[in-house]
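All residue numbers in this chain count up from 1 along the given sequence.
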Amino acid sequence: MDTKYIFVTGGVVSSLGKGIISSSLAMLLQSRGFKVTIQKFDPYINIDPGTLNPYEHGECYVTEDGHEADLDLGHYERFTNIRTTRSNNVTTGRIYQSVIDKERRGDYLGKTVQIIPHITDEIKRNVKLLGNTGKFDFVITEIGGTVGDIESLPFIESVRQLRWELGRNCVCIHLTYVPYIRAAKELKTKPTQHSVKQLQEVGIQPDILVLRTEKEIPADMRRKVAQFCNVSPDAVIQSIDVPTIYEVPIKMHEQHLDEIVLAKTQTQSVNEPDMSRWNTFLGKLKSASDVVKIGLVGKYVELQDAYKSINEALFQCATYEDHKLDLRYISSEKLTDANVEAQLSEMDGIIVAPGFGQRGIEGKFVALKWCREHDMPTFGICLGMQCMVIEYARNVLNLKEANSTEMDPKTPYNVIDLMEEQKSISNLGGTMRLGAYECHLTEGSIPAKAYGTLDVRERHRHRFEFNNEYREMFEANGMKCVGENPETHLVEVVEVPGLKWFVGTQYHPEYSSTVLNPHPLFMDFVRAAIENKKK
């Protein structure tokens with residue numbers, strides 16, 4: 001069958017959950033036996049989110065092929081179990097860079113380079129890239145931002161052109177907001193009408209409307225929206241607030257979103273979605289009564305999207321262990337020797353978060369020292385693992401001025417140092433050690449037991465590494481290097497075997513955790529935290 005293209009646009013306000021709707025639809029189509037992929041088009045001019053501050057954009061997600069991507073790709077992977085690549089996330093910056101490179105090479109033969117057709121053609125080429133592989137029945141494309149944004153106009157124009165080119169193989173879903181005015185006790189559909197009108201003004205008629213709402217929208221109100229927006233009444237769907245994002249696919253299926261898409265693309269499906277495993281997960285989620293309390297020590301505690309993949313990995317694993325997750329964010333900037341006991345002692349386990357830079361670093365050392373001395377199950381990720389190494393060097397190896405050259409270039413004990421291939425790099429964007437690399441684990445170690453294998457492949461995002469000159473000293477004094485890259489011998493995992501669960505990974509296991517396949521290392525950490533709680 002021809003590849004079908006589904007476009008998801010948003011209106012009224014941002015952050016309505018286009019990524020969740022896209023992921024939910026993908027999961028429903030996938031569970032019917034179709035091959036599906038999702039891509040995100042972001043209208044900002046950065047080449048990728050790698051150099052964006054988490055306050056600007058939330059977590060930077062990393063694909064297996066080493067592309068720094070939008071955090072929505074994490075949702076795509078968690079919902080569908082598929083692995084994304086750089087083709088699944090394109091920014092305006094990448095589009096313009098590609099067009100300018102072609103212009104510099106003379107590919108346009110002296111023609112004036114314009115938004116239409118050159119930029120829009122490049123966007124369309126990227127939209128169809130995944131479809132042209134012949135691997136997918138459906139390609140879902142989420143357009144970032146909201147309709148009416150100046151930045152989004154070239155993407156919206158490209159969608160308009162593709163509507164005509166693809167005909168029946170194309171569907172447009174528009175997600176809008178229906179606010180509830182508390183004082184008047186009324187839901188208001190006018191913002192949705194304006195949003196659809198804006199879309200129609202640029203030549204796109206949505207096929208399906210998804211109305212984001214906090215309150216139930218009455219059937220007559222949905223019919224009114226359908227009438228004003230030229231959409232069939234059965235194609236107006238509400239997306240009401242639910243306790244967890246993982247219930248959204250169920251709610252969408254109850255309102256036949258997947259069936260409407262199949263009908264509009266004239267696609268035959270003999271199967272109902274097989275959602276048995278998904279429903280098992282939701283069943284565990286609803287029946288869990290015990291609570292596991294995890295403290296996350298980091299500097300972006302007021303911004304939970306900065307640690308989105310870690311939050312979701314912990315949530316998934318706690319659910320599978322029949323526990324509710326009580327995740328407490330602990331500011332590493334405010335953590336001191338004086339207050340660490342009060343902040344950490346009630347926790348069942350501690351995660352020391354990844355990050356960059358000096359801010360909040362000393363609080364991470366304070367937390368790790370307390371956890372190590374009190375035998376608290378502790379998981380250090382990326383910078384968290386590097387902090388484990390530095391704290392151990394200072395307080396166990398007695399190298400008091402030990403540090404990373406990222407924080408102190410003149411440290412006499414550079415237990416964490418810049419990777420050799422990074423020393424000549426001046427550009428920050430897209431130049432770290434990125435993507436999936438092999439790691440060989442030591443037999444009998446906590447990670448080897450958790451994975452059930454000695455050879456794994458995990459995703460990275462870092463510039464600095466464990467300095468192998470100190471390896472013997474660490475090993476002789478109780479911190480073991482239990483995972484390394486088989487080619488470069490870079491240390492990937494450290495562990496203190498004398499403690500219950502004290503593990504640091506240079507890589508980011510949270511990127512690989514999905515609803516149907518929770519990450520084994522996170523599972524093992526959560527089990528250790530539950531065991532610690534019992535004691």
Side-chain angles (χ1 to χ4, degrees), residues 297 332 350 352-358 360-373 375 378-425 432-433 437-448 454 456 458 460-499 501-509 521:
V297 178
S332 58
I350 295 292
V352 181
F356 293 90
Q358 175 69 40
I361 202 85
E362 292 300 326
K364 290 183 178 179
F365 298 145
V366 168
L368 285 161
K369 181 172 187 285
W370 188 92
C371 289
R372 182 176 53 75
E373 290 176 346
D375 201 2
T378 306
F379 193 175
I381 299 173
C382 200
L383 180 63
M385 171 266 204
Q386 295 176 1
C387 289
M388 271 185 167
V389 169
I390 295 164
E391 187 281 323
Y392 206 85
R394 288 181 181 181
N395 298 311
V396 179
L397 309 186
N398 217 24
L399 307 175
K400 293 298 179 193
E401 293 172 66
N403 215 328
S404 164
T405 48
E406 181 186 8
M407 314 306 163
D408 179 7
K410 296 192 171 120
T411 174
Y413 307 114
N414 54 335
V415 291
I416 302 293
D417 203 0
L418 192 61
M419 298 170 72
E420 204 53 48
E421 66 265 30
Q422 293 285 327
K423 288 183 177 172
S424 59
I425 288 172
M432 288 182 273
R433 185 172 183 233
Y437 289 86
E438 305 295 330
C439 172
H440 182 73
L441 301 167
T442 304
E443 196 164 353
S445 63
I446 284 176
L454 297 184
V456 297
E458 293 282 6
H460 294 69
R461 186 175 185 249
H462 66 105
R463 280 199 170 80
F464 293 79
E465 58 162 315
F466 182 97
N467 187 343
N468 271 325
E469 288 176 19
Y470 290 90
R471 187 165 174 169
E472 272 185 39
M473 189 187 284
F474 276 95
E475 299 250 354
N477 287 278
M479 180 175 271
K480 305 295 181 189
C481 301
V482 296
E484 67 167 39
N485 181 284
E487 286 180 27
T488 58
H489 302 294
L490 292 180
V491 171
E492 302 275 22
V493 190
V494 297
E495 174 191 327
V496 179
L499 300 174
W501 209 101
F502 200 83
V503 175
T505 62
Q506 183 59 76
Y507 52 75
H508 289 261
L521 206 49

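Side-chain atoms of Asn468 come within 3.5 Å of backbone atoms of His489 as a donor-acceptor pair (strictly under, hydrogens ignored). Side-chain N or O atoms of Lys364 include one that pairs as donor or acceptor with a backbone N or O of Ala353 at under 3.5 Å.
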- Message: What verdict does the side chain to side chain contact (heavy atoms under 4.5 Å, CB included) test give for Arg471 and Phe474, after you've listed the backbone C-alpha separation in whole Å, the side-chain angles of each residue and the deciding distance to 0.1 Å?
- Response: CA-CA 5 Å; Arg471 187 165 174 169; Phe474 276 95; 5.9 Å; no
- Query: Would His440 and Leu454 count as a side chain to side chain contact (heavy atoms under 4.5 Å, CB included) if you check the C-alpha gap in whole Å, the side-chain angles of each, and the deciding distance to 0.1 Å?
  - Reply: CA-CA 6 Å; His440 182 73; Leu454 297 184; 3.9 Å; yes
- Message: Test side chain to side chain contact (heavy atoms under 4.5 Å, CB included) on Lys400 and Asn395; report intermediate values, then the result.
- Response: CA-CA 7 Å; Lys400 293 298 179 193; Asn395 298 311; 4.0 Å; yes
- Task: Verify side chain to side chain contact (heavy atoms under 4.5 Å, CB included) between Tyr392 and Val496, making sure each step is shown before the conclusion.
- Result: CA-CA 10 Å; Tyr392 206 85; Val496 179; 3.9 Å; yes
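Summarising the geometry of Val503 relative to Met388, their closest heavy-atom pair is O-CE, 3.2 Å, with the distance given to 0.1 Å. The two residues Pro354 and His508 have their closest heavy-atom pair at CB-CE1, 3.6 Å. Nearest heavy-atom pair, Thr442 versus Ala448, reported as atom, atom and distance to 0.1 Å: O-CB, 3.3 Å. Between Thr488 and Asn485 the shortest heavy-atom distance is N-OD1, 2.9 Å. Summarising the geometry of Ser445 relative to Glu495, their closest heavy-atom pair is CB-OE1, 3.3 Å, with the distance given to 0.1 Å. The two atoms that bring Val297 and Ser332 nearest to each other are CG1-CB, 3.8 Å, heavy atoms only.
The closest side-chain heavy-atom distance from Val493 to Tyr507 is below 4.5 Å. Side-chain atoms of Arg394 and Ile390, non-hydrogen and from C-beta on, do get closer than 4.5 Å to each other. Residues Asn467 and Val389 fail the side-chain proximity criterion, which asks for heavy atoms closer than 4.5 Å. Using a 4.5 Å heavy-atom threshold, the side chains of Met385 and Val494 count as touching. Residues Glu492 and His460 meet the side-chain proximity criterion, which asks for heavy atoms closer than 4.5 Å. Residues Arg461 and Cys382 form no side-chain contact, since every pair of their non-hydrogen atoms from C-beta on lies 4.5 Å or further apart. Side-chain contact between Glu458 and Leu521 is absent, with no heavy-atom pair separated by less than 4.5 Å. Using a 4.5 Å cut-off on side-chain heavy atoms (C-beta onward), Arg372 and Thr378 make no contact.
Exactly one residue among Ile350, Leu368, Ile446 makes a side chain to side chain contact (heavy atoms under 4.5 Å, CB included) with Phe502. That residue is Leu368.
Atom OG1 of Thr405 is separated from atom OH of Tyr413 by 16.0 Å, given to the nearest 0.5 angstrom. The distance from the CE atom of Met473 to the CG atom of Leu399 is 5.0 Å, given to the nearest 0.5 Å. Expressed to the nearest 0.5 Å, how far CD of Glu406 lies from CZ of Phe356 amounts to 7.0 Å. Atom NE2 in His462 sits 10.0 Å away from atom CD1 in Ile416 (nearest 0.5 Å). How far OG1 of Thr505 is from CD1 of Ile381: 5.5 Å, rounded to the nearest 0.5 Å. The structure places CD of Glu401 at 12.5 Å from CG of Asn414, a figure rounded to the nearest 0.5 Å.
Counted by atom type alone, Gln386 and Gln506 present one or more donor-acceptor pairs between their side chains at under 3.5 Å.
Within 6.0 Å of the CD atom in Glu475, the count of heavy atoms belonging to other residues, nucleotides or ligands exceeds 12. Within a 6.0 Å sphere centred on CD of Glu373, heavy atoms belonging to other residues, nucleotides or ligands number more than 12.
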